[in-house]
2 protein chains.
Amino acid sequence: MIHLTVLRTFIAVLDHGSIIEASRNCGYSPAAVSRQMSALQARLGVRLFEPDGRGIRPRPIAEELAVGARRLLDECDQFDDYAKGLCTSQNVHSLVLV
Amino acid sequence: MIHLTVLRTFIAVLDHGSIIEASRNCGYSPAAVSRQMSALQARLGVRLFEPDGRGIRPRPIAEELAVGARRLLDECDQFDDYAKGLCTSQNVHSLVLV
DNA sequence: GTCTGTTACGTTAAACGTAATAATG
DNA sequence: CATTATTACGTTTAACGTAACAGAC
C-alpha cells in the first residue's frame, strides 16, 4: 500500500526543489528524504528525478504524479477534519447527556 | 497522520463483525487487530466499539466514521491505479523511443 | 573547498506474534 | 469447556540519524 508520509515528502521535494530543503521542512535528515524517494521510485518502477548540477531535477512524470498525489493528500486532510468533527460532536453529546 | 493500514483494518472489523474474523482476512493476529483498534480510538479520543457478549458491537459513531474511511480508501486505490497507469505508459515510451 | 545527494552502518522505535488472562455463552 | 477480546512479554523489522563518500560548482 502507498505510504502517505512518503507522498508528503515527495511533494515537499517538488515544492522546494531539493532534497536538503525538503528535509528541513519535513523534519527528516537529507538521507531519510533521499531514501524515501529511492523507495518510491523503486515501488513505481520509474525514475522521478534526474541529477542536475549539484542538485536534482524532477522528470515530467514526477509532475504528473504530483497532480494525483496532491489531490489524495488533500482528501486525507479532509478526512482528518471530518473525523475530528465527528468525534468532537460525539464528545459534546456525552457531555450533555451523561 | 492517519494510518491507511489501520483504516483498512477498521473497515474489515466492521464488515466481519469481529476482531477474529477481521484478523483472518487481514493477515494479522487478533492481538494486532485489537491493538490497532485501541490505537485508533485513542487517536480519535472516542470509543468506536462496545463489548457485546463474547464479541464487540460498533457504536453509531463507528458507522459514521466508516463512511468517510471507505471513501478515502477508495480514493487511495484510485491513486494507485492512476500511478500505475502513468508509470506503465512511461515504460512503454522508453521501450519505443530508446 | 563548499554544497548536494547517496550509501554504509549502527541504533531506535513502532508493530508484530505468542502466550497468558478475563469474560461470556 | 469453547470462544472472543485484551494485555504482557519478548522479538522482529522498518525507518531513522550520523558519518563517510562521490560528484558538481
Side-chain angles (χ1 to χ4, degrees), chain A residues 1-63 65-66 69 73 76 80 83, chain B residues 1-63 65-66 69 73 76 80 83:
Chain A
M1 189 181 309
I2 199 74
H3 268 62
L4 295 181
T5 56
V6 173
L7 236 45
R8 282 204 199 274
T9 305
F10 169 61
I11 295 301
V13 171
L14 288 181
D15 285 346
H16 294 95
S18 76
I19 300 281
I20 283 206
E21 272 305 305
S23 77
R24 296 202 177 102
N25 281 272
C26 293
Y28 288 118
S29 68
V33 173
S34 176
R35 277 190 303 254
Q36 286 187 16
M37 295 305 97
S38 295
L40 181 59
Q41 293 176 126
R43 179 185 170 79
L44 297 175
V46 153
R47 286 200 62 78
L48 298 168
F49 301 97
E50 316 180 284
D52 178 38
R54 283 184 290 195
I56 56 172
R57 177 182 47 228
R59 303 185 64 192
I61 186 81
E63 304 286 1
L65 187 71
L73 290 173
C76 289
D80 278 342
Chain B
M1 189 181 310
I2 199 74
H3 268 63
L4 294 181
T5 56
V6 172
L7 237 44
R8 283 203 200 274
T9 305
F10 168 62
I11 296 301
V13 171
L14 288 180
D15 285 346
H16 295 96
S18 75
I19 300 282
I20 283 208
E21 272 306 304
S23 77
R24 296 202 177 102
N25 282 272
C26 293
Y28 288 118
S29 68
V33 173
S34 175
R35 278 190 303 252
Q36 285 187 19
M37 295 305 97
S38 295
L40 180 60
Q41 292 175 125
R43 178 187 170 78
L44 296 175
V46 153
R47 284 202 62 78
L48 298 167
F49 303 97
E50 315 181 286
D52 179 38
R54 283 183 290 193
I56 56 172
R57 178 183 47 228
R59 305 185 63 192
I61 186 80
E63 305 286 2
L65 188 69
L73 290 173
C76 288
D80 278 343

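We use all heavy atoms of the structure for the numbers below, so side chains are in, but hydrogens, waters and symmetry mates are not. Throughout, protein chains are lettered first and strands after them, A, B, ... in sequence-line order, and every chain is numbered starting at 1.
Side-chain proximity of A:Ala31 to C:dT7, C:dG5, D:dT7: nearest is C:dT7. Across C:dC16, D:dG17, C:dT7, the shortest atom-to-atom separation from the side chain of A:Ser38 is found for C:dT7. Which of C:dG5, D:dT18, D:dC16 sits closest to the side chain of A:Tyr28 comes down to D:dC16. Nearest to the side-chain atoms of A:Ser34 among the listed nucleotides D:dT18, D:dT6, C:dT6 stands C:dT6. The side chain of B:His3 sits closest to C:dA15 out of C:dA15, D:dT4, C:dT18. Checking C:dT6, D:dG17, D:dA5 against every side-chain atom of A:Ser29, the shortest atom distance belongs to D:dG17.
Atom pair B:Met37:CE and D:dT6:P shows a separation of 10 Å (rounding to whole Å applied). Regarding A:Ile20, its CD1 atom lies at a distance of 7 Å from the C1' atom of C:dG5, rounded to whole Å. Regarding B:Phe49, its CZ atom lies at a distance of 10 Å from the P atom of D:dA5, rounded to whole Å. A straight line from CD1 of B:Ile19 to P of C:dT24 spans 17 Å, rounded to a whole angstrom. A:Leu40 places its CG atom 17 Å from the C1' atom of C:dG5, with the value rounded to the nearest Å. Separating the CD atom of A:Gln36 from the C1' atom of D:dA14 is a distance of 12 Å, rounded to the nearest angstrom. Rounded to whole angstrom, the span from the CD atom of B:Glu50 across to the P atom of D:dT6 amounts to 12 Å. Atom CD in B:Gln41 sits about 10 Å away from atom P in D:dT7, given to the nearest Å.
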Next on the checklist: Can you build the contact string for nucleotides 20-25 of chain D? Use B for base contact, S for sugar-phosphate-only contact, and - for no protein heavy atom under 4.0 Å.
Outcome noted: ---BBB
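Remark: A:Glu21 pairs with A:Arg24 by the side chain to side chain donor-acceptor pair (under 3.5 Å) rule, at least two apart or across chains.
The line from CD of A:Gln36 to CD of A:Gln41 is 12.5 Å long, rounded to the nearest 0.5 Å. To the nearest 0.5 angstrom, A:Leu44 atom CG is 6.0 Å from A:Ile2 atom CD1. Going from atom CG of B:Leu73 over to atom CG of B:Leu7 covers 5.0 Å, rounded to the nearest 0.5 Å.
Side-chain atoms of B:Ser34 do not come within 3.5 Å of backbone N or O of B:Ala31 as any donor-acceptor pair.
Across all their heavy atoms, A:Glu63 and A:Pro58 have their closest contact at OE2-CG, 3.7 Å.
Contacts of A:Gly17 with the nucleic acid, taken as non-hydrogen atoms under 4.0 Å apart, are absent.
A:Arg35 contributes no side-chain N or O that forms a donor-acceptor pair with the base of C:dG5 under 3.5 Å.
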Next on the checklist: Set out, in order, the CA-CA distance, both residues' side-chain angles and the distance that settles side chain to side chain contact (heavy atoms under 4.5 Å, CB included) for A:Phe49 and A:Leu14, then state yes or no.
Outcome noted: CA-CA 10 Å; A:Phe49 301 97; A:Leu14 288 181; 3.9 Å; yes
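Screening B:Val46, B:Thr9, B:Val13, B:Val6 against B:Leu40 for a side-chain contact (heavy atoms from CB on, under 4.5 Å) leaves a single residue, B:Val6.
Each of B:Gly27 and A:Val33 has a nearest nucleotide on DNA chain C; the 5'-most of these lies closest to A:Val33. When each of A:Pro30 and B:Ser18 is assigned the nucleotide of DNA chain D with its nearest heavy atom, B:Ser18 is the one assigned upstream, toward the 5' end.
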